[in-house]
Amino acid sequence: MEILTNFSLKEYNSFKINAIAENFVSVNSIDELVEVLKLKEYPSKYILSGGSNILITKNIKGLVIHINIKGIHEESKKNNITEIVAFAGENWHSLVQWCLKRDLGGIENLSLIPGSVGAAPIQNIGAYGTELKDVIISCDAINRETGKIKTFNNKDCQFEYRTSIFKKNANYIVISIKLKLTNKKHNLNLSYKGIQDKLDESNIKIPTIQDISSAVIKIRNEKLPDPDKIGNSGSFFKNPIVSIDKIEELKANFNNVPFYSFHKNKYKIPAAWLIEKAGFKGKTFGDYGVHKDQALVLVNYKSAKGSDILNLSISIQKAVKLIFDIELEAEVSII
Ligand SMILES: Cc1cc2nc3c(=O)[nH]c(=O)nc-3n(C[C@H](O)[C@H](O)[C@H](O)COP(=O)(O)OP(=O)(O)OC[C@H]3O[C@@H](n4cnc5c(N)ncnc54)[C@H](O)[C@@H]3O)c2cc1C
């Protein structure tokens with residue numbers, strides 16, 4: 001385990017921001033993680049995994065700890081359920097592929113989400129009708145202060161739309177997750193219409209979990225910019241949740257307001273629609289801007305600074321607040 005100094009994080013964040021970590025270490029085991037957490041000479045420690053849900057706006061002082069703890073195994077198999085454990089440093093999509101190879105169902109709709117297994121619970125990753133909370137039994141996490149491992153069951157994680165106890169309180173570092181997957185009869189989730197459309201295009205009448213994964217991969221490749229080509233962190237903002245009164249107010253002032261039911265008289269409005277209506281879709285400002293097809297995705301075309309993108313996000317928030325009286329909340333973590 002080597003602690004590197006003045007380390008460029010450009011290849012460690014999907015926005016491709018060239019920020020510098022004063023000190024950087026990659027940990028390959030739980031023991032190594034516990035050891036670096038004890039280092040008193042670095043009072044400030046930042047946990048970094050795949051860097052696909054962060055915007056780095058300045059050089060990082062202290063120690064950046066890159067989680068690279070690997071391993072996936074089957075824990076138990078009973079009737080139609082197989083429980084698996086995956087360690088934090090595994091790539092999320094590699095885990096999905098590992099499961100598909102063994103015909104384990106439950107996370108096929110979450111195919112191709114960038115990033116690591118350990119970060120998946122942080123914002124309760126979700127896509128195309130499925131969220132991590134639907135399949136996770138528990139996660140093990142280390143307390144930064146004491147170095148002790150605690151098991152959080154599904155309820156303890158306080159999962160909600162793009163958040164969890166870990167996002168609200170950064171005191172715990174996730175080291176592994178345990179998932180409950182189907183091994184024979186799969187409960188396919190076709191609630192997102194785009195998936196059914198892709199299956200129809202390929203004339204698939206009785207889909208498998210592998211077919212669902214392929215459909216999701218096709219949709220994502222068509223819709224989302226590839227961070228290896230254009231720096232981005234996926235959806236920059238969360239979709240705001242509003243009351244029915246707010247929906248009625250918007251309908252009275254704007255045509256074709258898109259919204260969908262969320263939970264108990266609450267509705268989600270696509271943030272992309274608000275950003276487009278505020279005139280930001282496709283706008284570029286030199287090296288950075290808002291993607292031309294996905295208004296929710298802010299992009300670094302070449303060598304923008306994190307602070308440029310942060311300022312753009314603040315301008316968008318102000319415009320949306322002024323026009324719609326709605327607060328847009330960032331989904332990415334801003335450092
Ligand atoms: C093109 C693109 C598409 C995306 N699509 C989706 C999508 O469909 N759905 C979705 O939910 N997300 C999506 N995202 C966001 C991102 O992929 C997820 O949030 C992912 O889980 C982030 O993983 P990461 O390893 O890159 O985390 P990082 O960006 O490294 O970290 C994110 C946050 O979690 C903390 N963290 C990281 N690892 C740990 C750990 N082990 N323990 C404690 N804290 C930790 C970090 O300190 C940071 O605050 C997308 C991103 C991109 C670039």
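Atoms within a ligand are numbered from 1 in the order they appear, just like the ligands themselves.
Between atom 43 (C) of ligand 1 and the options Ile122, Val117, Asn53, the minimum heavy-atom separation is to Ile122. The closest non-hydrogen atom to atom 20 (C) of ligand 1, taken over Pro114, Pro225, Ser333, comes from Pro114. Among Ile54, Asn13, Val174, Ile125, the residue whose heavy atom lies nearest to atom 40 (C) of ligand 1 is Val174. Within the set Gly50, Gly234, Ala170, Ser111, the minimum heavy-atom distance to atom 24 (P) of ligand 1 is found for Gly50. Around atom 9 (N) of ligand 1, the closest heavy atom drawn from Ser52, Gly126, Ser49 belongs to Gly126.
Using bins of under 30°, 30° to 60° and over 60° for the plane-to-plane angle, the ring pair Trp273/Phe324 lands in the tilted bin. Aromatic ring pairs are classed by plane angle as parallel below 30°, tilted from 30° to 60° and perpendicular above 60°; the pair Phe87 and His73 is tilted.
Residue Tyr46 places a heavy atom under 4.0 Å from ligand 1. For Lys167, the heavy-atom gap to ligand 1 stays at 4.0 angstrom or more. Contact between Tyr172 and ligand 1 is present, with at least one heavy atom of the residue lying under 4.0 Å from the ligand. The shortest separation from a heavy atom of Arg220 to ligand 1 is under 4.0 Å, placing the residue in contact.
For Glu327 and Lys238, the salt-bridge test fails: no basic side-chain N is under 4.0 Å from an acidic carboxylate O. Electrostatic pairing of Glu201 and Lys218 does not count as a salt bridge here, judged by no charged N lying under 4.0 Å from a carboxylate O. For the pair Lys198 and Glu222, the salt-bridge criterion is met [side-chain N within less than 4.0 Å of a carboxylate O].
For atom 28 (P) of ligand 1, the closest non-hydrogen atom of the protein is Gly51 N, 3.5 Å. Among all protein heavy atoms, the one lying closest to atom 1 (C) of ligand 1 is Asn232 OD1, 3.6 Å. When only non-hydrogen protein atoms are considered, atom 13 (C) of ligand 1 lies nearest to Ile113 CG2, 3.8 Å. The single protein non-hydrogen atom nearest to atom 19 (O) of ligand 1 is Gln123 NE2, 2.9 Å, given as residue, atom name and distance. With respect to atom 46 (C) of ligand 1, the closest heavy atom belonging to the protein is Ile47 O, 3.3 Å. Among all protein heavy atoms, the one lying closest to atom 23 (O) of ligand 1 is Ala119 CB, 3.2 Å.
The closest side-chain donor-acceptor pair between Glu108 and Gln210, if any, does not fall under 3.5 angstrom. In this model, a donor atom of one side chain and an acceptor atom of the other lie less than 3.5 Å apart for Asp200 and Gln196.
Atom numbering of ligand 1 starts at 1 in the shown order; those under 4.0 Å from a heavy atom of Gly118 are 40 (C), 41 (N). Atoms of ligand 1 lying under 4.0 Å from at least one heavy atom of Ile173, given by number and element, are 42 (N), 43 (C). Below 4.0 Å from some heavy atom of Ser14 lie the following atoms of ligand 1, by number and element: 53 (C). The Gly115 neighbourhood of ligand 1 comprises atoms 23 (O), 24 (P), 25 (O), 26 (O), with distances under 4.0 Å to a heavy atom of that residue.
The backbone N or O of Lys180 sits nowhere less than 3.5 Å from a side-chain atom of Glu83 that would complete a donor-acceptor pair. Checked by atom type and distance alone, the side chain of Asn253 pairs as donor or acceptor with a backbone atom of Glu249 at under 3.5 Å.
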Discussion item. Run Asn189 and Asn187 through side chain to side chain contact (heavy atoms under 4.5 Å, CB included) and show every step you take.
Written reply: CA-CA 6 Å; Asn189 184 342; Asn187 306 314; over 6 Å; no
Item to complete: Please lay out, stage by stage, how Leu110 and Trp92 fare under the test side chain to side chain contact (heavy atoms under 4.5 Å, CB included).
Response: CA-CA 9 Å; Leu110 304 179; Trp92 173 263; 3.8 Å; yes
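In this structure, Lys150 satisfies the cation-pi test against Phe152, with its NZ or CZ atom closer than 6.0 Å to the six-membered ring centre and inside 45 degrees of the ring normal. Stacking of Lys10 on the aromatic ring of Phe15 is not recorded, the 6.0 Å distance cut-off and the 45° axial limit not both being met.
An N or O contact shorter than 3.5 Å is missing between Asn124 and ligand 1 by distance. Polar contact check, Ser116 against ligand 1: a nitrogen or oxygen pair lies under 3.5 Å apart. Between Ala127 and ligand 1, not a single N/O pair is under 3.5 Å apart.
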